[in-house]
Enquirer: 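The structure follows.
Convention: sequence-line order gives letters A, B, ...; per-chain numbering from 1. Model, not experiment: these values are computed from the prediction.
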Amino acid sequence: MPTFTYNDLQFSLEARGDRWDLSCARPDGSRGLAGAGLFPGLSEGDALARANALARTICPVGIRTVGPDVNHPNTIGDLKIVGPDVTHPNFIYWDKESVSCPREL
Amino acid sequence: MEIKGSVALVTGGGNGIGEAVAKHLAKQGARVAVVDMAQKNIDRVVKDIQEAGGEAIGIQANVTSEADTARFIKGTLEAFGQLNIAVSCAGIIRDGTMLSLDKETGKVSKKLGYDKWQAVIDTNLSGTFLTLRDAAEAMVNGGWQGLLVPISSVNKAGQVGQINYSSAKVADALMPKIIIGEFLMRGIRNIRCVAIAPGYTATPMLTGMNQDALKAILADVHLGRLVAPEEIASMIGYCVENEALNATTIEITGGLCYPKGIAK
Ligand SMILES: NC(=O)c1ccc[n+]([C@@H]2O[C@H](COP(=O)([O-])OP(=O)(O)OC[C@H]3O[C@@H](n4cnc5c(N)ncnc54)[C@H](O)[C@@H]3O)[C@@H](O)[C@H]2O)c1
């Protein structure tokens, strides 16, 4: 299974029929599917190159989720809504190309 | 336009209505970009689509950010090579009346915070604008057939406790008229725009609600139940296929009425 590392994230490509599934190990240790059924008909080498470019676009350097803010739910009656909150951004951005983004903020 | 073979982008695709739309379009043969703030939900939806034999990509992004919007459009084009359908489902609520009074003095005790106003306008209105603007740019430059779908709400009619939400949703409902008018003016013929205004829909937010409050809401719904997210999704699928639908807002509410049976 071809793999590559980008921005502290480990990606792997898996063939499914004539397509490729791209999965990714998240910084918190979980594994998620970044894409399914990609790059139909491409060879492993070409798919890997495309996957690399795709990872660089969708997971830019310096994007890390830090929310949602579970301590301040939005309350309607007895309903507590812990949604993303644009006034307390869930994302922290930084702009330096680096393979060791800070894990602690 | 055929759904099969098309490429769709759904913001708020990690939950509720957006999730149903992403899955429905994938099931009909579209390749789908699932855009949301919540990575766990994105992963779940992409996995479900994969297990059903579909094609999808997940992109974590904040629709209120111009840079993120450019990134998820670019990511979609990089993965699938085109873009045909953009559905703007990302939305939030921050309810409250504009003023609250102290019961004893009758004076104002609380004002709706500007943060609550701004957050809802940012996500539900500016986010929709950015998504549709950049999706349309890609569709025009790529020369692909396209459909833009802002998600409004039946509360565009003006819901107490939702001055922020209703203001954003009435503006979302206006977008198809303005966008298509401008497209006609500019000679852009390959892109349509249809807004969807759902009524009370069974997303996790509503189904987890106080059951008495829910019963009170359902008393005013002719259908007698919440609208299913899949019903909204299939309406959007129909909008893709029926090219005469354009420059309009479609309500799908199950027959939501004001008390005493006046249709909303
Ligand atoms: N549920 C209803 O009864 C109902 C009725 C009318 C209209 N709507 C509208 O339908 C749309 C979807 O609603 P829903 O009930 O499925 O909500 P939901 O809360 O289940 O899902 C909304 C999704 O949007 C995402 N999101 C929120 N802010 C975001 C941001 N800034 N960037 C990226 N993603 C973001 C959330 O993470 C979530 O996954 C909303 O626009 C809502 O206003 C819902």
Enquirer: Which value, rounded to the nearest 0.5 Å, describes the distance between A:Arg31 atom CZ and B:Lys47 atom NZ?
Expert: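 Interatomic distance, A:Arg31 CZ to B:Lys47 NZ, rounded to 0.5 Å: 11.0 Å.
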Enquirer: Which one, B:Gly75, B:Gly96, B:Ala33, B:Ala56, leads in non-hydrogen pairs under 4.5 Å with chain A?
Expert: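 With the most close heavy-atom pairs to chain A, the winner is B:Ala56.
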Enquirer: Keeping the roles fixed (side chain from A:Arg50, backbone from B:Glu78), state whether a donor-acceptor pair exists under 3.5 Å.
Expert: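 Side chain of A:Arg50 to backbone of B:Glu78, a donor-acceptor pair under 3.5 Å: yes, one is there.
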Enquirer: Rounded at 0.5 Å granularity, tell me how far CD in B:Gln50 sits from CG in A:Leu38.
Expert: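 Result: 10.0 Å between the selected atoms.
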Enquirer: Under a 4.5 Å heavy-atom cutoff, which of B:Ile59, B:Val34, B:Ile42, B:Ile57 has the most pairs with chain A?
Expert: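 Looking at each option in turn, the highest pair count goes to B:Ile57.
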Enquirer: Taking every non-hydrogen pair under 4.5 Å, which of B:Thr76, B:Ile49, B:Asp43 racks up the most with chain A?
Expert: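 Among the listed options, the one with the most contacts to chain A is B:Asp43.
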Enquirer: To the closest 0.5 Å, what do you measure between CD1 (A:Ile58) and CD (B:Gln60)?
Expert: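 So the gap between those two atoms works out to 10.0 Å.
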Enquirer: At a heavy-atom separation under 4.5 Å, does A:Ala53 approach chain B through its side chain, its backbone, both, or neither?
Expert: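 A:Ala53 touches chain B through backbone and side-chain heavy atoms alike.
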